[in-house]
Amino acid sequence: MKALHIALLVMVLGASLPLPAAAQSPVRVLACEPEWAALAREIGGSDVIVHSATHGRQDAHYIRARPSLLAKVRRADILFCSGAELEVGWLPVLLQRGARNVVQPGQPGHIMAADHVEVLERPEVIDRSLGDIHPGGNPHVHLDPRNIVILAKVLANRLVHMDPSNVNAYHDRLASFQARWSDAMAGWRERAERLHGMEVIVYHKAWPYLLNWSGLERVAALERVSGIPPAAQHLAQVVESARNSGAKVIIRAPFEPVDASNWLSEKTAIPVVELPFTVGGHPEVQDLFSLFDVTLTLLEEVHDRL
Amino acid sequence: MYGIVRFVCAAVMGLSVWVVTSAVHAQSDPLTTEELAAQISTLKQEYEERITALEAQLAAIKAEARSPVRKAPATAAMPVQARDNSFNPAIGVVLNAMYTEFSEEQSEIQGFRFGHESERPVEGLGLGHSEITVSSNIDDKFFGNLTLGLGVHPGEPLELELEEAYIQTLPGAGLPDGLRVKAGRALWTLGYLNELHAHADDFSDRPLPYRAFLDGAYNDDGLEVSLVLPGDLYKEIGGGIFRGDDTPFGGSQSGREVWSAFARLGGDTGPNSAWRIGGYFLDGEARNRAGGHLHAHEEDHGHEHEEEAHGHDEEGHEDDHAGEEHEHDYAEFLSDGMFTGDTRLYGIDFRHTWAPTGNARDRELILQGEYFWREESGDYVLQEEHEECTDPMDHSTCEIHMEDVTESLNGDSRGWYAQAVYKFSPRWRVGARYSRLSTPDDAELSHDPEAMSAMIDWTNSEFSRIRLQYNRESLTREDDDQLILQYIMSLGAHGAHSF
């Protein structure tokens, strides 16, 4: 019995040991998704410490409110997420239990990307039978490169607010990023024009921003309702519409199940392409620039094959 | 175009500054000029951000107009509609029903007194526990939650139980970072399962230590404070003070007879796996703890005794019966007696989750275990029947009296469970659990209760689940084989899950 007493005491004491206070600590950014972590690295450089709650092969909608994330929210100066209820399954718990004031909604350390850009697919009808829908619209806003530059500026402003002493560094990195991004975007736009009107089948409704920006045409979705795995009858319908349409490719994100898309590919002889979806979703995608480069390259490969 | 945007924004800013200044004048303790300046600068920054965003959007639209690529669809701006029900709290309902089959007629456990909440469900078709939860942020500083449990027991009126009714501070309450206060009635921090509503469990029933030591869960009335400490490792400490009316306590007199303390640590063991451990302590006093369900129990016993007495009478062996009166079975005191004394509960818990692909939605293994140690000493009171006869030879002169018999016993005991749940496809999970109790030494029983469970469940969405579970419970020397088919569905608002 004594042993238990002592173990408890040690735990309580160990947990409450004061930490040495750092003098001028860097701004801590907790990104919910890797794309926002990548953007924070572009703008924050060496003045920030960036963590991503999810990695490139994870579906940010379904992660657990892990204890390590709770610890990270507790220390974060800026929380940078997609918003539009993408993180609704775990972020509210972390915010409430981590109880970090500066990253709460409405505070300067709270950035939800969907609050700053035009959101697509706002549902007109909200009913659970339609699956796990997002009343706030589609949250995957990062796949439109025009949105990235908007958020770069939002983030830079917040970083300056948190860390005014490094204002010049943030402004310089922002200017550099904006210049490089607009150059890159001009190139991507030219490449996207070649793909314009290409018909695609998607798994989850993860792609509207990419499709909308690049001009690809979605002809079918493998998941009839979002958040509920496809059922046999629906797949039969998808096979029908896939055959009738001129779909050239089935697009899949790294975290989406392989079986349904592979099955459809076998039935219809339409190739499957796994696109990066986010930073880290493909071995060659380590930043936001390569995210769009690789995505377009992969689509061009299929496009040119046919 | 830019000019118009700038003019509108400037006008809005000017208006906001006016609102802020008039608000400041209205306040009893006015803000200092620095605070005012800070507020204005925050506002300014916000509007600058919006202008920036608008500029960027405009630039993008212009660029798009020149390019043949489709431009972003001009979705009509959605005005925020303020309906009458806009501020209604979130309402969630959990529907839960079971079909069960048991091999034994009775399920009793020697050496422990089980309360109402931890009994075996009814046999056959039956509604389990339905729940209604209403919750909402009260204002910028507080959150409130009310959970009503609706229990249906055949032949009894609908049982309405207030499971939770608490308020909790929000991070905007002005408390230091990481500090939280919760007050009212809640499923308090104690082990892993205690904080969960039973429908969120991975099995249809609670493991033995929760049933024996907590009657399902500890949700007394009280107050709890917790603090998440800074650092890369998750560290949380906390404690509370409670009334002392819920099992393992009861009959609180001062209304503040229980206190608790806990500490938790957690972290990641890789990109796709996480762990948490915790230590817990609960200390208080119990007075006449019955564990609920007193009536049915007493009636059963009375009936048995009557039959016995009748039998003795016919065979003419009254003396034997009288001779047995003072030989007490200590196990019976621990199983059926009312307890008054000190009780202390120590617990440790452990949980490890691993999603091989990183996506818990596709595949996941969860290992979990808890160990509890109860220190309990005091008096156990059992009501026994006494036959008093004015004329020992004439049975019609006898009267039956109920008499309290008290034994001072040591109720120290231990209990634990370990379980593994594996999700092998997005909709299917299998799980196994083993739980065991050590009966108090004073019960003088050679048998320790144990239970084995296996389950498989099908989850259509985050909101619906159907489960089949098989239990082999060896609570006495007889094995009870149990089959449970259950559905759990949730309607409406559905809170986020903790780890």
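Every heavy atom of this structure was used, including side-chain atoms; hydrogens, water molecules and symmetry mates were not. Just so it is clear: chains get the letters A, B, ... in the order the sequence lines come, proteins before strands, and each one is counted from 1.
The part of R64(A) that comes within reach of chain B is its side chain, from C-beta onward, which places non-hydrogen atoms under 4.5 angstrom from that chain. Using a 4.5 Å cut-off between heavy atoms, S226(B) makes no contact with chain A at all. For L95(A), the part lying near chain B is the backbone, with the side chain staying farther off; criterion is any non-hydrogen pair under 4.5 Å. Both the backbone and the side chain of Q96(A) come within contact range of chain B, each with at least one heavy atom under 4.5 Å from a heavy atom of that chain.
Summarising the geometry of L170(B) relative to D139(B), their closest heavy-atom pair is CD1-O, 3.4 Å, with the distance given to 0.1 Å. Across all their heavy atoms, L30(A) and A76(A) have their closest contact at CB-CB, 4.0 Å.
Here F281(B) and W259(B) bring their ring centres to under 6.0 angstrom of each other.
Here D232(B) is the residue among D232(B), D362(B), L233(B), N272(B) with the most heavy-atom pairs under 4.5 Å with chain A. The greatest number of non-hydrogen atom pairs below 4.5 Å with chain A, out of R276(B), Q168(B), E364(B), is found for E364(B).
Donor-acceptor pairing under 3.5 Å is recorded for the side chains of E224(B) and T189(B).
F499(B) carries R351(B) over the face of its six-membered ring, with the cationic atom under 6.0 Å from the centre and within 45° of the normal.
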